[in-house]
Amino acid sequence: MLIDARIIGTGSYLPKRVLDNHELAEMVDTSDDWIFSRSGIRQRHIAAPDEFTCDLALQAAERALESAQRNPEDIDLVIVATTTADQVFPSTACLLQERLGIRGGPAFDVQAVCAGFVYALDVAHRYIQTGGSKCALVIGAETFSRILNWKDRSTCVLFGDGAGAMVIEASDSPGIISSHLHADGAYKDLLCVPTGISTAYDQVLQREAFTEMKGKEVFRWAVSALGDAVVEALEANNLTEKDIDWLVPHQANIRIIQAIARRVDMSLDKVVVTIERHGNTSAASVPLAFDEAVRDGRIRRGQNIIFEAFGGGFAWGSMLVKY
Ligand code: COA
């Protein structure tokens, strides 16, 4: 018999430094008007030079534990979704585990770029379902600003740093209901950092490992794949959009979010949108948005929520959750 899992607490963290579009326009040839009209972004948070992904993850994790009323010793599984790990190894999850004073249970990173959090939540859910974990900490954390070319206006205006966390626990009633994950590596060149440890470590050391993107193609693909993934989550559970209280989408572009809401006939009033203030925080974007809406009282216990996310790979997916 599979064991159900519920989200029992959430937390998030944004670095203090805010970089708005006007300040960016002094760095590259762009404008607040261009960025806002094309993406819906007004500002993003940027980690301090001595602030790393694990620092962001720690803050979000502590807040999630507090809201779950659980102690670090209750956690028997730590998964961090990140593209921007502190070190080549150990994993950011192991670094975080040590800082939280958790010992012994499995801890590992998941790399699915902007889809990382839904992948990580799916893995944690499966651990709990099969009895491998009773209480898991799942985090999306990124210092994406470190892999941006701050001279490339077509990418640097879109991303930001942040972290979001959830505590997931075995439960008598269903919380995480279904997940629908996909990937297609045939599209690896449309959104990537083309260099890395094994291929061109010298470029990484020279801080020349930057995000590259064919924006128009990524846009078209994201709209179509995410629309399909949301429909898949509805159909798999015999639900319609009327049964869903909130869509918590990956925050990449307001126009992508609007297109998906239109595709499933969902009013934007039922969509959690943070992109204007956060930009695209990659693996952190879904748990950050979810935590904000839980804390401000929009998302309430018993409601049906759909998460969706899309990113480099391509890797994407959706999940249906009863909060
Ligand atoms: N400021 C001003 N001009 C810019 C610019 C900027 N920051 N970035 C690019 N441009 C210019 C380009 O050089 C290009 O100029 P050209 O036509 O003279 O060559 C032009 O703007 C492109 O404009 P447009 O075709 O209207 O852009 P767009 O509508 O495709 O919007 C994106 C561009 C990047 C916002 C959009 O394609 C997008 O959001 N794609 C998906 C990105 C994404 O979400 N990625 C992450 C997924 S996880």
Side-chain angles (χ1 to χ4, degrees), residues 19-44 81-84 110-120 140-142 144-145 147-162 164 181-185 187-194 210-230 248-261 271 273-276 278-289 307-318:
L19 176 63
D20 71 17
N21 291 348
H22 298 287
E23 197 179 341
L24 251 182
E26 290 167 13
M27 297 159 58
V28 284
D29 182 13
T30 189
S31 65
D32 176 51
D33 187 48
W34 194 96
I35 300 169
F36 186 70
S37 65
R38 298 302 201 293
S39 70
I41 299 168
R42 288 273 190 216
Q43 63 168 53
R44 69 288 294 141
T82 189
T83 317
T84 47
V110 162
Q111 160 60 303
V113 205
C114 299
F117 186 81
V118 290
Y119 268 65
E142 299 278 17
F144 218 85
S145 60
I147 50 167
L148 293 175
N149 177 355
W150 289 95
K151 295 188 175 115
D152 174 12
R153 66 179 183 173
S154 68
T155 51
C156 75
V157 304
L158 299 173
F159 296 90
D161 299 336
L181 304 187
H182 303 279
D184 192 340
Y187 299 94
K188 64 188 185 332
D189 298 329
L190 293 184
L191 175 55
C192 59
V193 175
F210 297 135
T211 301
E212 296 177 6
M213 180 174 68
K214 302 251 185 317
K216 267 196 198 310
E217 282 103 315
V218 173
F219 187 97
R220 268 199 303 275
W221 240 94
V223 167
S224 150
L226 284 174
D228 288 350
V230 174
V248 183
H250 175 46
Q251 312 284 321
N253 186 314
I254 189 68
R255 294 185 296 145
I256 296 177
I257 294 171
Q258 288 162 341
I260 290 152
V271 182
V273 178
T274 58
I275 182 146
E276 181 170 345
H278 298 175
N280 180 350
T281 58
S282 186
S285 98
V286 166
L288 248 169
F307 298 142
E308 49 92 325
F310 179 92
F314 294 142
W316 70 98
S318 65

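The basis for the numbers below is simple: all heavy atoms, side chains too, and nothing from hydrogens, waters or symmetry mates. All ligand and atom numbering here is 1-based and tracks the order in the structure. These figures come from a predicted structure and were not determined experimentally.
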Check: Would you say V113 touches ligand 1, if touching means a heavy atom closer than 4.0 Å?
Finding: no
Considering the heavy atoms of [X], write down every atom of ligand 1 situated less than 4.0 Å from one of them.
{"X": "N280", "answer": "46 (C), 48 (S)"}
{"X": "F219", "answer": "38 (C), 39 (O), 40 (N), 41 (C)"}
{"X": "V157", "answer": "7 (N)"}
{"X": "I256", "answer": "44 (O)"}
{"X": "M213", "answer": "42 (C), 43 (C), 45 (N)"}
{"X": "H250", "answer": "48 (S)"}

With a 4.0 Å heavy-atom cut-off (strictly under), which part of [X] contacts ligand 1: side chain, backbone, both or neither?
{"X": "V28", "value": "neither"}
{"X": "T30", "value": "both"}
{"X": "C114", "value": "side chain"}

message: Parallel, tilted or perpendicular: which one describes the rings of F314 and Y187, with boundaries at 30° and 60°?
response: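 Aromatic pair F314/Y187 classed parallel.
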Task: Close side-chain approach of E308 to W316, heavy-atom, < 4.5 Å - done: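 Of all side-chain heavy-atom pairs linking W316 with E308, none is under 4.5 Å.
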**Request:** Please work out which of C156, A25, G215 has its closest non-hydrogen atom nearest to atom 40 (N) of ligand 1.
**Result:**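 Going through C156, A25, G215 one by one, G215 has the nearest heavy atom to atom 40 (N) of ligand 1.
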